[in-house]
Amino acid sequence: METENRPSYSYMGRNFSELSDLSVNEDSSAFSECNSDRSGEFPTTSSQSRQLVMACASENSDELIRQLVSDLQSCSIEEQKQAALEIRLIAKNKPENRLKIAKSGAVKPLISLISSADPQLQEYGVTAILNLSLCDENKEVIASSGAIKPLVRALRLGTPTAKENSACALLRLSQVDENKSAIGRSGAIPLLVNLLESGGIRGKKDASTALYSLCSVKENKIRAVQAGIMKPLVELMADFGSNMVDKSAYVLSLLVSVADARTALVEEGGIPVLVEIVEVGSQRQKEIAVAILLQVCEDSVVYRTMVAREGAIPPLVALSQSGTNRAKQKAETLIELLRQPRSGNVAATAKTSAVSV
């Protein structure tokens, strides 16, 4: 498995290395925390739920956890639902319970629920697994217990909430490097691309975060490009009101190390979008965009010509004077590339292409 470098910034408590010397301020992560804590997702007014909250607040929840794990294996769907719901809430509201729940044997029965034909039961199972996966010590247990394929199935067939929380759970599991390839082979990448393209705002954010993690592996980059990721990435980068410009650009910054990704980016009209970001984006967006353009242009005279024709040089000059230190360096390097004589090289390239044909 080949894992490639990525931008240097702090994300979800972890420090990532650089991609083409691109760096981002650690106090302004592009990706927000991915979890299931959404107001109103589950009812909390029943007497049972009030008892549950009291139990969560107590120091001794072991007995309750054992009972709930037993109820997960009940013949009654309603008992299973209630048990999965309460496990999810216990794991959400008291982090130390996440390890307790996993050690009590909840993981395998919860994974079984993810494969349920009952949409709500599936959703509760997915969400409980997600909250258990917030504990680093549980990630390996969840993956080795066979969670990946059921989570991918929920990503394909589940409710909108199940899809979003499946994406988050797969993200958590992908933070163990050994799981990245397995998740890619399971068919998750095209489904995440679909969620990125057609999901709600939370779904798009969850999908982009999961794809960013998974696409540190070259084989997953290729899968993402083949799944058509470039079209939604370019569209989201072009929509400054989407709050997805940074997230999409970070995913793209991983992909452009692959030649097919650079080709797809150009075909989907990505160069004008990136040039516009360099011109009117935030400082961070400009830094990401210029780093991507530099990778695109380094080995292609044709792409340099396209970038220059889009009017990139004036905003690049401005960036070289007023951007961050790293953005200035990238902008200066790209300006030098764009100003190199191109006519002879273009003719040579055309001649070589003709011979190849």
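Predicted model, so just to flag it, every value in this text is computed and none were measured.
Here OG1 of Thr161 is found 11.5 Å from CG of Leu130. Values are rounded to the nearest 0.5 Å. Taken from OH in Tyr303 to CG in Leu265, the straight-line distance is 8.5 Å, to the nearest 0.5 Å. Between Leu252 atom CG and Met230 atom CE the span is 5.5 Å, to the nearest 0.5 Å. Annotation: the span from Ile288 atom CD1 to Asp246 atom CG amounts to 5.0 Å, rounded to 0.5 Å. To the nearest 0.5 Å, atom CD of residue Glu86 and atom OH of residue Tyr124 are 11.0 Å apart. Separating the NZ atom in Lys81 from the CD atom in Glu123 is a distance of 10.0 Å, to the nearest 0.5 Å.
A 6.0 Å sphere centred on CG of Leu157 holds more than 12 heavy atoms belonging to other residues, nucleotides or ligands.
A pairwise comparison of heavy atoms in Val256 and Ser253 identifies CG2-O, 3.7 Å as the closest pair. Smallest separation of non-hydrogen atoms from Pro232 and Val193: CG-CG1, 4.4 Å. Between Leu254 and Ser216, the closest heavy-atom pair is CD1-N, 4.2 Å. Leu338 and Ala312 get closest at one heavy-atom pair: CD1-CB, 4.3 Å. Val126 and Ala162 get closest at one heavy-atom pair: CG1-O, 3.7 Å. Asn220 approaches Gly184 most closely through the heavy-atom pair OD1-CA, 3.3 Å.
Within the structure, side-chain hydrogen bond (donor to acceptor under 3.5 Å, both in side chains) contacts touching residues 67-77 (residues at least two apart or in different chains) are Gln67-Asp71, Ser74-Glu79.
Judged by distance alone, the side chain of Thr263 and the main-chain N or O of Ala259 form a donor-acceptor pair under 3.5 Å.
Every side-chain hydrogen bond (donor to acceptor under 3.5 Å, both in side chains) that Asp136 has, sequence neighbours left out, goes to Lys139. Applying the side chain to side chain contact (heavy atoms under 4.5 Å, CB included) rule to Arg66 yields the partners Asp62, Glu63; only residues at least two apart in sequence or on another chain are considered. Scanning for side chain to side chain contact (heavy atoms under 4.5 Å, CB included) contacts around Ala331 gives Val290, Leu316, Leu319, Ser320, with sequence neighbours left out. Scanning for side-chain hydrogen bond (donor to acceptor under 3.5 Å, both in side chains) contacts around Ser115 gives an empty result, with sequence neighbours left out. Judged as a side chain to side chain contact (heavy atoms under 4.5 Å, CB included), and not counting sequence neighbours, the contacts of Ala128 are Ile87, Arg88, Leu110. Scanning for salt bridge (charged side-chain N to carboxylate O under 4.0 Å, His left out) contacts around Lys149 gives an empty result, with sequence neighbours left out. The side-chain hydrogen bond (donor to acceptor under 3.5 Å, both in side chains) test applied to Asp260 returns no partner, not counting sequence neighbours. Arg153 pairs by the side-chain hydrogen bond (donor to acceptor under 3.5 Å, both in side chains) definition with nothing, not counting sequence neighbours. For Leu99, the side chain to side chain contact (heavy atoms under 4.5 Å, CB included) test picks out Lys103, Cys135, Glu137, Asn138, with sequence neighbours left out. Scanning for salt bridge (charged side-chain N to carboxylate O under 4.0 Å, His left out) contacts around Glu310 gives an empty result, with sequence neighbours left out.
There is no side-chain donor-acceptor pair under 3.5 Å between Ser116 and Gln122. Asn165 and Thr127 are linked by a side-chain donor-acceptor pair at a separation below 3.5 angstrom, with hydrogens and angles left out of the test.
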Output a table of donor-acceptor pairs, distance under 3.5 Å, between side-chain atoms of residues 267-283 and any protein atom two or more places apart or on a different chain; print 'none' if there are none.
unit_1, atom_1, unit_2, atom_2, d
Ser282, OG, Gln285, N, 3.2

Open item on the list: Quick one, Asp177 with Val217, criterion side-chain contact (heavy atoms from CB on, under 4.5 Å). Give me CA distance, side-chain angles, the key distance, then yes/no.
Closed with: CA-CA 9 Å; Asp177 285 342; Val217 177; over 6 Å; no
- [ ] Show the numbers, then the answer: is there a side-chain contact (heavy atoms from CB on, under 4.5 Å) between Gln80 and Leu72?
- [x] CA-CA 5 Å; Gln80 289 178 323; Leu72 287 175; 5.6 Å; no
- [ ] Please assess Ile101 against Leu132 for the test side-chain contact (heavy atoms from CB on, under 4.5 Å), listing each intermediate value before the final yes or no.
- [x] CA-CA 8 Å; Ile101 293 168; Leu132 294 184; 3.7 Å; yes
TODO: Determine, stepwise, if the pair Lys328 / Gln321 fulfils side chain to side chain donor-acceptor pair (under 3.5 Å).
DONE: CA-CA 7 Å; Lys328 288 178 181 178; Gln321 297 170 350; over 6 Å; no
TODO: Test Ser248 against Leu233 for side-chain contact (heavy atoms from CB on, under 4.5 Å), laying out the working first.
DONE: CA-CA 5 Å; Ser248 302; Leu233 286 181; 3.9 Å; yes
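Using a 4.5 Å cut-off on side-chain heavy atoms (C-beta onward), Arg185 and Ser181 make contact. Looking at heavy atoms from C-beta onward, Leu151 lies out of side-chain contact with Ile148 at the 4.5 angstrom threshold. Counting heavy atoms from C-beta on, the side chains of Leu255 and Cys215 come closer than 4.5 Å. Looking only at side-chain heavy atoms (C-beta outward), Ile65 and Asn97 come within less than 4.5 Å of each other. Counting heavy atoms from C-beta on, the side chains of Leu334 and Cys297 come closer than 4.5 Å. With a 4.5 Å cut-off on side-chain heavy atoms, Leu214 and Ser174 count as touching. In this structure, the side chains of Val266 and Arg262 stay at 4.5 Å or more apart for every pair of heavy atoms. For the pair Val251/Ile229, a side-chain contact is recorded, criterion being any heavy-atom separation below 4.5 Å from C-beta on.
A chain of hydrophobic side-chain contacts below 4.5 Å, direct or via other Ile, Leu, Val, Met, Phe, Trp or Tyr residues, connects Leu173 to Tyr212. Both Leu195 and Leu170 belong to a single network of hydrophobic side chains, linked directly or stepwise wherever heavy atoms of I, L, V, M, F, W or Y lie under 4.5 Å apart. Hydrophobic cluster membership is shared by Leu68 and Ile142, with clusters built from Ile, Leu, Val, Met, Phe, Trp and Tyr side chains linked at under 4.5 angstrom.
Looking at Lys231 and Glu197, a side-chain N of the basic residue comes within less than 4.0 Å of a carboxylate O on the acidic one, giving a salt bridge. A salt bridge links Arg223 with Glu219; the closest basic N to acidic carboxylate O contact falls under 4.0 Å.
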